[in-house]
Amino acid sequence: MSFIYNTGITLAQFGLQCIAPFNDKIKKGVEGRHETLSILEKHISPKDKTLWFHCASLGEYEQGLPVFKVLREHYKDHKIVLSFFSPSGYEIRKNSPIADAVVYLPLDSKHNAKRFIDFVKPELTVFVKYDIWPNLLNELKKKQLRAILISAAFRPNQSYFKFYGQHLRQALFAFEHIFTQNEASKKLLKSINYNNVTVSGDTRFDRVSSQLEIDNTLEFIEDFKQDKLCVVAGSTWPEGEGLLINYINNHTSQDVKFIIAPHNIKPNQIKNIQEKLEVESVLFSEKEQRDLKTAEVFIVNTIGILTKIYNYADIAYVGGALGSTGLHNTLEPAVFGVPIIIGNIYDKFPEAKALIDNNGMFSIANQTEFDTILTELITDKAKRELTGNNNATYIKNHKGAVNKIINYLGL
């Protein structure tokens, strides 16, 4: 099985190089991995003591950040290496102040793994949620270097728990301890005789809760919203944007404002949304030149401010669960006590199931269902406030994962 895995990595490396000229995202990853060692050499010396944090992408970075911050503060004399697998994480957080060196993770060949670990020599490695790479982890274990996995969430259909998954299972045993989001994940690990497990919960609850401690004021959003009810649609994709646009065009009201923050902010996608809207809209990029008060729709054609915008929401729609892209972060609006609407494809997102069971979130599959629940939340203030409060309470009651992890590490 190890031979098959390593052959697959070799073929993947060749395939990515062939595809790179035709795919901008893959090209960034291929070129970025060529620069990994030079970035490390620039920022890390052989004498440095180091920690290594690894995240698959941006979501995992946000999930791990509360733990990273505590470790950064405690290990002040250590250099920190932060790695990403995906360009969507690296490109946005390549200047993260949490780390001394931010790099693309090398593809998991035996040669790359040995070279990376020999250079970094991390005293402690923290992987977030998943992205398990056997050669890298086995190299850590071989050199008796500490590694933990935090906010892990496992499912029965994953390879670790199948008869053919021995190579991946072995990689899990490189972690001295695994902190899971739920009891079901702990039971799955125990089924393969991995017993160093703590059900800590999800560090994202700590992460989003910290948002309440900062200033979330955005004056241009206040100018736009006025005293009107505000629906914020975050991280939207075309399938959800279509439902939103149809609703806005057919339910025009002077008492309701809409903010749309698309996941894809390329100009042609933004233009497509604006052209389909039959009401006045304004872009973030033109907010200084326009009268925000008169617009009914504000389109966010930038990144990095959605979390603060949720502070102004009375109702939220979170994209990704109507197609194959995956549900985006629903905890960010939930912490502000906002009722949430999502699509119907959320099986891999336990927090979504929990928020629905807790009567704070609603799942829809089509235009009729979307129109019905959104209208009900707009017109029924009591229901809107009750469901929003359910979300805020749920977040508050599920904080504490970071403390469990830090206590284990003895900090």
Side-chain angles (χ1 to χ4, degrees), residues 1-23 25-57 60-61 78-91 94 99-149 158-160 164-176:
M1 197 61 70
S2 174
F3 172 77
I4 295 173
Y5 176 83
N6 288 315
T7 301
I9 291 292
T10 301
L11 293 173
Q13 187 165 349
F14 176 75
L16 290 172
Q17 289 174 342
C18 292
I19 298 170
F22 311 101
N23 185 296
K25 186 175 181 179
I26 292 175
K27 182 180 180 181
K28 287 179 179 177
V30 169
E31 292 178 348
R33 287 181 175 85
H34 284 312
E35 298 173 357
T36 292
L37 195 59
S38 63
I39 293 174
L40 290 174
E41 289 173 340
K42 181 179 179 182
H43 296 283
I44 309 293
S45 77
K47 297 182 295 182
D48 287 329
K49 295 182 290 185
T50 66
L51 305 182
W52 173 28
F53 305 152
H54 175 65
C55 311
S57 191
E60 290 70 41
Y61 170 84
H78 286 58
K79 293 287 185 70
I80 291 179
V81 175
L82 170 65
S83 63
F84 290 97
F85 185 80
S86 168
S88 58
Y90 177 83
E91 295 299 329
K94 58 187 175 185
D100 298 283
V102 183
V103 298
Y104 276 98
L105 187 73
L107 288 182
D108 191 37
S109 68
K110 285 188 174 182
H111 171 73
N112 287 344
K114 187 176 188 309
R115 186 171 64 165
F116 184 85
I117 300 303
D118 282 346
F119 191 96
V120 178
K121 300 185 293 292
E123 288 186 19
L124 174 66
T125 295
V126 181
F127 272 44
V128 183
K129 192 175 181 180
Y130 67 112
D131 217 33
I132 310 302
W133 298 103
N135 287 325
L136 282 157
L137 286 165
N138 289 335
E139 197 65 31
L140 286 172
K141 187 176 182 181
K142 187 188 303 182
K143 290 181 166 51
Q144 298 183 320
L145 297 168
R146 300 183 71 190
I148 62 172
L149 175 63
Q158 289 177 301
S159 299
Y160 313 111
Y164 53 80
Q166 181 179 355
H167 189 57
L168 284 173
R169 274 198 300 275
Q170 183 182 358
L172 290 177
F173 284 82
F175 293 113
E176 69 171 59

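Only heavy atoms go into these numbers, but all of them, side chains included; no hydrogens, no water, no symmetry mates.
The ring of Phe116 has its center no closer than 6.0 angstrom to the ring center of Trp133.
Interatomic distance, OG of Ser57 versus NZ of Lys129, reported as 11.0 Å (0.5 Å rounding). Rounded to the nearest 0.5 Å, atoms CG (Leu40) and NE2 (His43) are 9.0 Å apart. Residue Ile117 holds its CD1 atom at 5.5 Å from CG of Leu136, rounded to the nearest 0.5 Å. Interatomic distance, OH of Tyr90 versus CG of Leu82, reported as 10.0 Å (0.5 Å rounding). To the nearest 0.5 Å, atom CD of residue Glu176 and atom OG1 of residue Thr125 are 10.0 Å apart. Rounding to the nearest 0.5 angstrom, the gap separating the CG atom in Leu105 from the NE2 atom in His54 is 4.5 Å.
Note on ring orientation: taking the six-membered ring where Trp is involved, the planes of Phe127 and Phe175 are perpendicular (angle over 60°, cut-offs 30° and 60°).
The two atoms that bring Asn138 and Ala171 nearest to each other are OD1-CA, 4.1 Å, heavy atoms only. Residues Arg146 and Glu123 come closest through the heavy atom pair CB-O, 3.5 Å. The minimum heavy-atom distance linking Lys25 with Ser86 is given by the pair CE-OG, 3.9 Å. Residues Ser159 and Arg169 come closest through the heavy atom pair O-NH1, 4.2 Å. For the residue pair His78 and Asp100, the shortest heavy atom distance occurs at O-OD2, 3.9 Å.
Between the side chains of Asn135 and Asn112, no donor N or O sits under 3.5 Å from an acceptor N or O.
Looking at Glu35, its side chain never comes within 3.5 Å of a backbone N or O of Gly32 through a donor-acceptor pair. In this structure a side-chain-to-backbone donor-acceptor pair under 3.5 Å is present from Thr50 to Val120. Using modelled atom types, one side-chain atom of Arg33 and one backbone atom of Phe85 make a donor-acceptor pair closer than 3.5 Å. Judged by distance alone, with hydrogens and angles left aside, the side-chain atoms of Thr36 form a donor-acceptor pair with the main-chain N or O of Tyr104 at under 3.5 Å. A distance-only check finds no donor-acceptor pair linking the side chain of Asp118 to the backbone of Arg115 [under 3.5 Å].
Residues Val128 and Tyr61 are not in side-chain contact: their nearest non-hydrogen atoms beyond the backbone lie 4.5 Å or more apart. Taking 4.5 Å as the limit, some side-chain heavy atom of Trp52 sits within range of a side-chain heavy atom of Leu140.
Remark: of the listed residues Asp108, Ile9, Asn6, Asp108 is the sole one forming a side chain to side chain contact (heavy atoms under 4.5 Å, CB included) with Pro134.
Sparse packing is recorded around NZ of Lys42, with 12 or fewer heavy atoms of other residues, nucleotides or ligands lying under 6.0 Å away. Annotation for Lys121: atom NZ counts as buried by contact number, over 12 foreign heavy atoms lying within 6.0 Å.
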Test side chain to side chain contact (heavy atoms under 4.5 Å, CB included) applied to Leu51 and Val126, step by step
CA-CA 8 Å; Leu51 305 182; Val126 181; over 6 Å; no

Side chain to side chain contact (heavy atoms under 4.5 Å, CB included) between Phe84 and Glu60: does it pass, once the steps are laid out?
CA-CA 9 Å; Phe84 290 97; Glu60 290 70 41; over 6 Å; no

